[in-house]
There are 2 protein chains.
Amino acid sequence: MAATLHDVAQRAGVSIKTVSNVVNDYPHVSAVTRAKVLEAIDELGYQPNLSARSLRSGRSGVIGLVLPELSLSYFAELADAVIARAEKHGLVVLVEKTGADRDREIAVLSSPRMRLTDGLIFSPLGMGQGDAPLLAVDYPMILLGERIFGGPVDHVTMRNVEAARAATEFLLDSGRRRIAVVGAHRGEVLGSAALRLQGYREALEAAGVDYDPALVSHTTLWHRSNGAESMRELIGAGVEFDAVFGLNDALTLGAMRVLQEEGLRIPDDVAVMGFDNIEEAQFAVPSLSTVDPGRTEIAETAVDLLVERLGGAAARPREPRELLVDFRVVARESAPEPARA
Amino acid sequence: MAATLHDVAQRAGVSIKTVSNVVNDYPHVSAVTRAKVLEAIDELGYQPNLSARSLRSGRSGVIGLVLPELSLSYFAELADAVIARAEKHGLVVLVEKTGADRDREIAVLSSPRMRLTDGLIFSPLGMGQGDAPLLAVDYPMILLGERIFGGPVDHVTMRNVEAARAATEFLLDSGRRRIAVVGAHRGEVLGSAALRLQGYREALEAAGVDYDPALVSHTTLWHRSNGAESMRELIGAGVEFDAVFGLNDALTLGAMRVLQEEGLRIPDDVAVMGFDNIEEAQFAVPSLSTVDPGRTEIAETAVDLLVERLGGAAARPREPRELLVDFRVVARESAPEPARA
DNA sequence: GTGAAAGCGCTAACAA
DNA sequence: TTGTTAGCGCTTTCAC
């Protein structure tokens with residue numbers, strides 16, 4: 001049986017409260033008493049019972065992280081960063097995955113299994129703008145992603161439109177004019193796909209290049225296989241293009257693979273640009289030019305904001321906040337830096 | 001304020017115990033009472049307080065997963081599978097990462113932050129065989145990986161030696177004789193690197209091919225960059241080889257990239273074989289032949305064993321168990337199936 | 001089939 | 001500076 005505060009108190013010959021004070025670093029404890037207590041703690045191998053502490057204090061020291069899928073590199077790297085940052089605040093992370101399914105996302109918001117977390121970092125992929133009211137939960141929550149804007153909670157996200165626009169401009173600057181897009185979502189107005197496509201269109205327009213819908217291929221998911229498939233379709237349909245902008249890196253890597261199968265040279269025949277800057281992009285063949293959307297900063301900001309919300313009601317901001325992190329275009333072999341005039 | 005059992009009982013006009021019975025699906029409750037209670041639960045939006053339940057019952061419904069790093073694809077995919085399987089058992093997963101640091105691994109074993117988990121799935125990378133006694137913790141634990149064997153806990157792992165031997169034999173069968181190895185760990189006797197190297201040597205010996213230490217390159221970590229670096233060293237040293245066996249996929253993909261930078265054709269000049277079968281291997285250029293070590297099965301077995309240990313003491317096996325999952329060699333472009341006689 | 005009461009281990013008033 | 005006491009919300013005997 002594990003030792004309790006009681007056991008420690010008995011052994012040290014003090015009251016349970018004194019032990020509690022020592023354990024919680026309450027300052028007004030005499031050095032002698034403290035030493036006695038610490039010794040007893042050591043001898044008994046005492047470890048506080050977190051369930052009890054949590055029941056009593058209403059705080060568990062656990063935050064929840066809800067993601068579509070951990071096997072997608074983007075989310076794996078995000079989770080890694082969240083866990084690292086949480087640890088700095090003395091918090092541990094409960095990871096839940098939804099498979100990007102709207103119903104499961106909604107369910108998790110009111111799931112009792114999540115009740116033992118102090119707050120949530122929530123990255124939906126199935127829910128949409130219309131579901132925003134559902135985010136008005138009675139615990140602290142930080143929203144990630146670009147499925148819902150202006151909701152009732154803090155929101156940390158990337159500059160999708162601007163970043164996609166910059167990526168497209170990068171390709172335009174290097175002389176490309178027929179830029180195929182991989183990974184659009186049909187009928188989507190918000191969401192990463194729609195926003196990035198919008199950035200693409202803005203860049204074309206600014207450069208006076210006509211938008212050609214034939215260049216835009218649609219997928220449901222954003223895995224490597226979807227990118228590969230889209231690229232086969234584009235090529236099969238005889239669409240001419242001199243560049244590809246993939247709406248995320250996984251898609252783009254899949255597409256790049258098919259380009260090479262087809263004997264197209266990268267970047268000579270086709271320049272390729274991705275989005276996400278996952279670690280893999282750097283070691284692909286050829287290495288993938290992409291947009292670094294500030295993933296680590298998103299993770300860290302999300303944790304920091306959540307911790308703020310967890311703090312005393314006094315320090316807690318009343319209004320939901322919208323935070324945008326910085327991005328940058330990373331030039332690699334698949335789309336080298338254009339020679340600037 | 002959230003509703004409690006008490007509130008529900010009051011509203012339904014029954015005792016707190018009856019509500020508890022309904023919540024816990026205790027069978028002997030009359031249909032009328034049950035309906036009344038369920039209605040009250042619904043009206044109040046009652047959600048059980050898991051901290052209280054956990055304090056009282058001694059079980060939290062949370063299991064811990066301790067990994068070196070979530071951003072390594074192998075572990076990300078492992079975590080994904082663990083979370084999926086845990087959910088089937090109604091459990092949620094707390095993920096902790098250690099950065100493969102021995103001290104942090106040891107610390108996490110007795111960390112109070114882990115005390116609110118019912119049990120642990122533990123994948124160390126820094127601890128070694130000598131640390132086996134530290135695994136004798138007083139909560140259920142399942143050990144993964146190949147750093148410690150014959151320890152005091154259940155252990156689920158892959159057939160490293162046999163799988164590496166099969167991979168090497170595959171290369172030998174396709175006529176390769178000078179097989180470079182990427183990712184060995186100097187001085188290691190146990191651990192994935194040592195075991196896989198052993199399999200490599202066994203295959204060579206069985207085929208009557210001499211072992212040449214010059215072909216074996218060493219790394220500390222197993223990231224893409226380490227594989228790339230090793231490959232540059234091998235080539236720089238003028239070592240001749242007609243195949244590469246990378247001790248994991250990430251390493252191998254890094255190495256493969258350098259091979260291509262150097263103008264070597266894969267598999268014509270150099271056949272390449274990895275280990276892990278991460279999703280990326282399938283979409284690399286060229287697609288990577290590799291060993292599927294049964295990652296999903298490892299994850300699922302680990303969760304299932306842990307759940308068994310979580311169960312009543314009656315059903316609990318007394319002796320630590322050692323489980324090995326099946327592997328298979330996956331032939332792709334980087335090392336095609338040899339033409340069998 | 002249902003109720004009453006005890007207590008899991010801890011924290012936070014309040015007292016001393 | 002330290003001790004006493006009352007719960008946090010739930011499960012679990014044990015009666016009825």
Side-chain angles (χ1 to χ4, degrees), chain A residues 1-38 40-41 44-62 112-118 138-139 312-313, chain B residues 1-38 40-41 44-62 112-118 138-139 312-313:
Chain A
M1 242 357 9
T4 73
L5 270 192
H6 225 95
D7 302 330
V8 176
Q10 202 156 22
R11 177 160 199 123
V14 299
S15 89
I16 178 176
K17 172 63 164 102
T18 305
V19 180
S20 174
N21 282 341
V22 172
V23 170
N24 294 298
D25 282 327
Y26 183 68
H28 305 297
V29 179
S30 78
V32 194
T33 319
R34 161 166 273 119
K36 240 186 343 191
V37 170
L38 286 176
I41 285 179
L44 294 170
Y46 168 75
Q47 298 246 320
N49 178 319
L50 295 194
S51 297
R53 177 178 287 179
S54 154
L55 171 59
R56 182 60 235 222
S57 68
R59 303 236 346 228
S60 64
V62 181
R113 291 157 64 217
M114 275 292 157
R115 296 300 287 187
L116 58 76
T117 61
D118 294 334
D138 60 355
Y139 48 84
Chain B
M1 240 359 10
T4 73
L5 270 192
H6 222 96
D7 302 331
V8 177
Q10 202 155 23
R11 180 164 199 121
V14 298
S15 89
I16 177 175
K17 170 64 164 94
T18 305
V19 181
S20 174
N21 282 342
V22 171
V23 171
N24 295 299
D25 282 328
Y26 182 70
H28 305 297
V29 179
S30 77
V32 193
T33 320
R34 160 166 275 119
K36 240 186 343 191
V37 171
L38 286 176
I41 285 179
L44 294 170
Y46 168 75
Q47 298 245 322
N49 178 317
L50 296 193
S51 297
R53 178 178 286 178
S54 155
L55 171 60
R56 185 60 240 229
S57 68
R59 303 236 345 227
S60 64
V62 181
R113 290 159 62 216
M114 275 290 156
R115 296 302 285 188
L116 59 76
T117 62
D118 295 333
D138 60 356
Y139 48 84

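Every chain is numbered from 1 and lettered A, B, ... according to where its sequence line falls, protein lines coming before strand lines. Just the heavy atoms: all of them, side chains too, but no hydrogens, waters or symmetry mates, feed the values below.
In this entry the distance linking CZ of B/Arg53 with P of D/dC8 reads 18 Å, nearest Å. At whole-Å resolution of the value, CG in B/Asn21 and C1' in D/dT13 are 12 Å apart. In this structure, A/Gln10 places its CD atom 15 Å from C1' of C/dG9, rounding to the nearest Å. Atom pair B/Leu50:CG and D/dG9:C1' shows a separation of 11 Å (rounding to whole Å applied). Between the NZ atom of A/Lys17 and the C1' atom of C/dA12 there is a distance of 7 Å, given to the nearest Å. Distance CG (A/Asn49) to P (C/dT11): 10 Å, rounded to an integer number of Å. Rounded to whole Å, the distance from NE2 on B/His6 to C1' on D/dT11 is 15 Å. Between the P atom of D/dC10 and the CZ atom of B/Arg59 lies a distance of 18 Å, rounded to the nearest Å.
Comparing C/dA4, D/dT4, C/dT11 against the side chain of B/Ser15 picks out C/dA4 as the nearest. The side chain of B/Leu5 sits closest to D/dC10 out of D/dC10, D/dT12, C/dA12. For B/Leu55, counting side-chain heavy atoms from C-beta on, the closest listed nucleotide (D/dT2, C/dT2, C/dC8) is C/dC8. If you check C/dC10, D/dT11, D/dG3 against the side chain of A/Thr18, the one that comes closest is D/dG3. When the nucleotides C/dG3, D/dT2, D/dG9 are ranked by their closest atom to the side chain of B/Val14, C/dG3 comes out on top.
Heavy-atom contacts from other residues, nucleotides or ligands closer than 6.0 Å to CD of B/Gln10 number 12 or fewer.
When side chains are defined from C-beta on, A/Val23 counts as touching A/Tyr46, because their heavy atoms get closer than 4.5 Å.
No donor-acceptor pair closer than 3.5 Å links the side chain of B/Ser20 to the backbone N or O of B/Ile16.
OP1 or OP2 of D/dT2 has at least one side-chain nitrogen or oxygen of A/Ser30 nearer than 4.0 Å. Residue A/Asn24 places at least one side-chain N or O under 4.0 Å from the OP1 or OP2 atom of C/dT11.
For the pair A/Ser57 and B/Arg56, nearest-nucleotide mapping onto DNA chain C gives the more 5' position to B/Arg56. Take the nearest nucleotide of DNA chain C for B/Ile16 and for B/Ala52: the residue whose nucleotide is more 5' is B/Ile16.
Nucleic acid contact class of B/Thr33 (heavy atoms, under 4.0 Å, all strands): sugar-phosphate only.
Nearest approach of B/Thr33 to B/Thr18, heavy atoms of both residues: CG2-CG2, 3.5 Å.
Looking at A/Leu38, A/Val22, A/Leu44 one by one, the single match for side-chain contact (heavy atoms from CB on, under 4.5 Å) with A/Val8 turns out to be A/Leu44.
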